There are 2 protein chains.
Amino acid sequence: MTAEVKPASLQLTERQEARRRRILHASARLASRGGFDAVQMREVAEHSSVALGTLYRYFPSKVHLLVATMQDQLQHMHETLRKRPPTEEDPATRVAQTLMRAFRALQREPHLADAMVRALTFADRSVSPEVDMVSRLTTAIILDAMGLEGPPTAEQLSAVRVIEHTWHSALITWLSGRASIAQVKIDIETVCRLIDLTAPTEHP
Amino acid sequence: MTAEVKPASLQLTERQEARRRRILHASARLASRGGFDAVQMREVAEHSSVALGTLYRYFPSKVHLLVATMQDQLQHMHETLRKRPPTEEDPATRVAQTLMRAFRALQREPHLADAMVRALTFADRSVSPEVDMVSRLTTAIILDAMGLEGPPTAEQLSAVRVIEHTWHSALITWLSGRASIAQVKIDIETVCRLIDLTAPTEHP
DNA sequence: CGAGTCAGTGAAACTCGTTCTAGGGTCGCG
DNA sequence: CGCGACCCTAGAACGAGTTTCACTGACTCG
């Protein structure tokens with residue numbers, strides 16, 4: 001709806017960076033209990049000691065805010081995963097293991113996960129750049145887990161995209177109580193088999 | 001939020017069935033132009049000549065309404081697809097072909113597709129039964145396209161679930177303008193390769 | 001017939017995302 | 001020092017989903 005400039009992206013002052021942090025923190029905290037609905041813009045503003053108008057200057061909508069929150073959380077997760085890379089041999093297994101690890105992390109804060117994922121899939125075109133960023137982060141995590149030597153082939157990128165699709169959608173079905181964790185695990189493992197299919201070097 | 005009975009599911013009188021139809025029709029029509037946002041409950045009520053309170057008695061929320069609309073549309077599509085089953089030999093190709101056909105149908109009413117899919121992924125636990133129904137319908141369409149002889153194996157069901165995940169998620173990325181139709185096609189074809197992987201009878 | 005029940009009606013009320021308005025503070029520059 | 005240009009605050013206001021409530025009309029069962 002609003003076609004404003006986004007001050008959030010280009011060099012903020014220290015105070016502004018602090019405000020942004022406070023907002024994201026408040027958003028995550030409110031989401032942690034209560035999920036999507038509990039993240040109310042007035043509440044976020046109040047908890048981060050910022051006027052409502054200012055909140056909207058930083059994040060032009062609730063969905064923008066929650067997608068940015070997800071971005072933030074994903075970055076943390078990426079770093080964490082980097083520190084303890086998967087131990088398995090097989091790339092497909094490594095990816096599956098990594099995603100299940102991420103999944104268990106989300107499990108610890110199911111409401112937060114709910115809020116972020118719902119925002120992500122509910123986002124319309126006006127949030128595309130931010131959603132894209134999240135997508136790139138996810139892709140990076142998966143590619144990292146694959147542990148490729150060179151750059152990925154087009155086929156591998158397709159596989160990664162499909163894995164990502166499955167990851168998001170499986171997450172949603174779990175969050176809405178329509179699939180068990182075991183089911184999610186199976187789905188993840190199933191889709192990760194695609195990686196073997198696209199491996200450039202086969203061993204008989 | 002509301003834990004009401006659902007009169008919509010158990011035998012309605014003729015007048016009630018007609019009302020329900022009118023509501024679904026109005027919902028689809030409003031969604032067709034304008035998408036999710038254009039489906040305003042007051043408008044739906046007015047266009048279907050029903051009081052707002054009645055609308056809410058039939059569909060306890062906007063999301064319920066749109067998911068029911070999707071159910072309706074999917075049923076139509078299922079019948080249409082039944083009439084002209086895919087021509088290919090290979091099951092994976094048949095499924096991919098079927099899904100792309102469905103995709104092109106949705107393309108014809110992108111706003112409607114947007115409204116329905118957004119509602120579907122935005123649905124919380126209170127809509128689970130209805131979302132599950134949609135999921136079952138989608139599964140049925142895919143299984144039909146596979147053209148199995150006997151009942152599907154557990155492995156095949158996993159593959160179908162993953163295909164479904166990919167289908168939904170790819171649809172979302174397309175609707176939000178983050179992926180081209182070509183990309184969706186590639187993703188669908190990629191994930192459909194899983195079917196070959198799970199075929200009980202292999203040919204060397 | 002008469003009372004009870006229950007779907008449907010109409011309108012007002014409430015909530016929360018979003019927008020708007022008015023004013024106050026701060027910083028850099030003449 | 002003064003003065004714009006911005007950023008920020010406080011709060012009201014608006015819009016749409018949802019809830020509530022008092023009422024009506026039709027149907028049922030005694």
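Proteins get letters first, then strands, A, B, ... in listed order; numbering begins at 1 in each. Just so it is clear, the model here is predicted, and its values are computed rather than measured.
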Q) So is A:Lys62 actually on top of A:Phe122's ring, under 6.0 Å and inside 45° of the axis? A)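 Because its charged atom misses either the 6.0 Å distance or the 45° angle limit, A:Lys62 does not stack over A:Phe122.
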
Between atom [atom1] in [X] and atom [atom2] in [N], what is the gap in whole Å?
{"X": "A:Asp37", "N": "C:dC16", "atom1": "CG", "atom2": "P", "value": "9 Å"}
{"X": "B:Leu66", "N": "D:dT18", "atom1": "CG", "atom2": "C1'", "value": "15 Å"}
{"X": "B:Phe122", "N": "D:dA16", "atom1": "CZ", "atom2": "P", "value": "17 Å"}
{"X": "A:Lys62", "N": "C:dC16", "atom1": "NZ", "atom2": "P", "value": "9 Å"}
{"X": "A:Arg15", "N": "D:dC7", "atom1": "CZ", "atom2": "P", "value": "14 Å"}
{"X": "A:Arg22", "N": "D:dC8", "atom1": "CZ", "atom2": "C1'", "value": "12 Å"}
{"X": "A:Arg118", "N": "C:dG17", "atom1": "CZ", "atom2": "P", "value": "13 Å"}
{"X": "B:Leu30", "N": "D:dG17", "atom1": "CG", "atom2": "P", "value": "11 Å"}

Quiz item: Considering the options A:Thr190, A:Asp187, A:Thr166, which one meets the side-chain hydrogen bond (donor to acceptor under 3.5 Å, both in side chains) requirement together with B:His165?
Solution: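 Testing B:His165 for a side-chain hydrogen bond (donor to acceptor under 3.5 Å, both in side chains) against A:Thr190, A:Asp187, A:Thr166 leaves exactly one candidate, A:Asp187.
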
Spacing of A:Thr139 atom OG1 and A:Glu164 atom CD [to the nearest 0.5 Å]
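Result: 3.5 Å between the selected atoms.
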
**Prompt:** So how far is it from B:Leu197 CG to B:Ser158 OG, rounded to the nearest 0.5 Å?
**Reply:**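 Nearest 0.5 Å value for the CG-OG distance: 12.0 Å.
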
| So, is B:Thr54 close to the C:dA7 phosphate, meaning a side-chain N or O under 4.0 Å from OP1 or OP2? |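 So the side-chain polar atoms of B:Thr54 never come under 4.0 Å of the phosphate oxygens OP1 or OP2 of C:dA7.
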
- Query: Using a cut-off of less than 4.0 Å, is there contact between a side-chain N or O of B:Tyr58 and OP1 or OP2 of C:dG8?
  - Reply: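 Affirmative; the distance criterion is met.
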
Exercise. Nearest of D:dC7, D:dG17, C:dG8 to any side-chain atom of A:Arg57?
Worked result: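 When the side chain of A:Arg57 is considered, D:dC7 is the closest of D:dC7, D:dG17, C:dG8.
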
Which nucleotide sits closest to the side chain of B:Ala51: C:dA7, C:dT9, D:dT19?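 In terms of side-chain proximity for B:Ala51, the closest of C:dA7, C:dT9, D:dT19 is C:dT9.
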
| message | Please find the pair of heavy atoms, one from B:Val134 and one from B:Gln71, that lie closest to each other, and give the distance. | response |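 In terms of heavy atoms, the two residues are closest at CG2-CG, 4.0 Å.
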
Distance-only, no hydrogens or angles: does the [X] side chain make a donor-acceptor pair with backbone N or O of [Y] under 3.5 Å?
{"X": "B:Ser135", "Y": "B:Val131", "result": "no"}
{"X": "A:His168", "Y": "A:Thr121", "result": "no"}
{"X": "A:His25", "Y": "A:Arg21", "result": "no"}

Taking N or O atoms only and anything under 3.5 Å, show me the protein contacts with nucleotides 20-29 of chain C, one pair per line.
none

Quick test of your reading of the model: are B:Glu189 and B:Lys185 salt-bridged, counting only N-O distances below 4.0 Å?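 B:Lys185 and B:Glu189: salt-bridged.
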
Give the residues of residues 39-49 of chain B touching DNA chain D, defined as any heavy atom closer than 4.0 Å, sorted by residue number.
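Contacting residues: B:Val39, B:Gln40, B:Met41, B:Arg42.
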
